[in-house]
Amino acid sequence: MSGWTAGDALPEQTYTVTRADLVRYAGASGDLNPIHWSDRVATSVGLPGVIAHGMFTLALAARALDTWAGATGRVLELGCKFTKPVVVPDDDTGAEVTVRGTVKQVTDDGVHVALEVTCGDEKVLGAPRAVLRA
Amino acid sequence: MAVDASLSGRTFPPTPPYVVSRERIVEFAAATGSTYDGGAAPATFPIVVAFAAMTGLMEDPSVGISLHRVVHGEQRFTYTRPVVAGDELSATLTVDSLRQIGGADIIGTRSEIVDGDGRPVCTAFATLVHRGEDR
């Protein structure tokens with residue numbers, strides 16, 4: 001995409017996250033923490049159940065950025081706080097994560113995008129933001 | 001046990017070179033539903049190397065971190081260039097800051113990720129929250 005303008009609302013992206021996705025991500029990333037695949041361990045540390053890796057959720061935000069940019073490799077900066085867990089039920093439906101973005105400003109550094117990443121009604125990432133190469 | 005205050009400013013040894021194969025990128029992209037067109041790896045791919053550096057910190061017995069008390073609080077990447085297949089990446093982690101809040105250690109880390117020629121690829125900033133024993 002070219003012609004980014006401050007104030008642009010980028011098309012909302014919705015992704016489904018299942019237990020199978022988490023297992024796959026655990027293998028691909030090397031993060032084998034059992035809270036991302038074992039209900040027994042997750043509930044023993046006070047979680048409602050198995051939760052997605054925070055980095056998996058951030059990867060979904062990066063996926064939305066690639067979609068909006070129309071190309072890979074455009075991300076110059078990406079970051080967030082991990083504020084709320086994405087609880088992924090052990091069923092075929094999984095959880096739904098929605099990524100929204102707004103262009104905040106376009107400078108010589110690139111296109112500054114404020115993100116909003118939600119699951120249900122809750123924001124799961126804190127202050128997620130990115131800078132893209134224009 | 002709180003983490004020792006001398007941790008702040010400490011730099012850990014570089015992680016062993018991680019050879020980025022095409023297959024590893026395909027696997028990572030598939031796991032996150034991302035596109036891989038043979039060029040840039042997904043933006044969060046460098047977490048694989050940053051994670052190794054953070055594990056080095058957390059498993060160092062002189063640091064005093066209990067692994068099961070650590071929560072990933074915050075993550076940020078700045079990129080000099082995207083990761084591509086054939087890269088040999090290594091991460092060097094420095095503890096930038098250490099604060100105690102409500103019985104938890106808030107550990108600010110910075111991992112400089114370089115390629116096989118030592119040229120910068122990306123910097124990964126992570127905040128690790130090490131919860132105290134009483135909670």
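Only heavy atoms go into these numbers, but all of them, side chains included; no hydrogens, no water, no symmetry mates. Sequence lines set the chain letters: A, B, ... in the order given, protein chains first and strands last, and positions in each chain run from 1.
- For the pair Arg19(A) and Asp39(A), the salt-bridge criterion is met [side-chain N within less than 4.0 Å of a carboxylate O].
- Taking CD1 of Ile101(B) as the start and CD1 of Ile106(B) as the end, the distance is 4.5 Å to the nearest 0.5 Å.
- Of all the listed residues (Arg63(A), Arg24(A), Arg129(A)), the one sharing the greatest number of non-hydrogen pairs under 4.5 Å with chain B is Arg63(A).
- No side-chain N or O of Glu96(A) forms a donor-acceptor pair with one of Thr16(A) less than 3.5 Å apart.
- Heavy-atom distances place the side chain of Leu60(A), and not its backbone, under 4.5 Å from chain B.
- If you measure heavy-atom distances from Asn33(A) to chain B, you find no contacts under 4.5 Å at all.
- Across all non-hydrogen atoms, the minimal contact from Val83(B) to Val121(B) is CG2-CG1, 3.9 Å.
- Against chain A, the residues from residues 14-29 of chain B that qualify, each with a non-hydrogen atom under 4.5 angstrom away, are Arg24(B), Glu27(B), Phe28(B) in number order.
- Counted by atom type alone, Thr118(A) and Arg100(A) present one or more donor-acceptor pairs between their side chains at under 3.5 Å.
- For Ala62(A), the part lying under 4.5 angstrom from a heavy atom of chain B is the side chain only.
- The distance from the CZ atom of Arg10(B) to the CG atom of Leu93(B) is 10.5 Å, given to the nearest 0.5 Å.
- Only the side chain of Phe51(B) comes within less than 4.5 Å of a heavy atom in chain A; its backbone stays farther off.
- Chosen from Val75(A), Asp66(A), Ile35(A), the residue pairing most often with chain B at heavy-atom distances under 4.5 Å is Val75(A).
- Residues Phe125(B) and Val95(B) fall into different hydrophobic clusters, defined by Ile, Leu, Val, Met, Phe, Trp and Tyr side chains chained together at heavy-atom separations under 4.5 Å.
- Ranked by heavy-atom pairs shorter than 4.5 Å toward chain A, the options Ala40(B), Ser34(B), Gly73(B) are led by Gly73(B).
- A continuous path of ILVMFWY side-chain contacts below 4.5 Å connects Met54(B) to Phe82(A), so both sit in one hydrophobic cluster.
- Put simply, of Ser29(A), Cys80(A), Gly79(A), the one with the most heavy-atom pairs under 4.5 Å next to chain B is Cys80(A).
- The residues Asp87(B) and Arg81(B) are annotated as salt-bridged, a charged nitrogen and a carboxylate oxygen being separated by less than 4.0 angstrom.
- Between Phe77(B) and Tyr79(B), the angle of the ring planes stays under 30°, which puts this pair in the parallel group of the 30/60° scheme.
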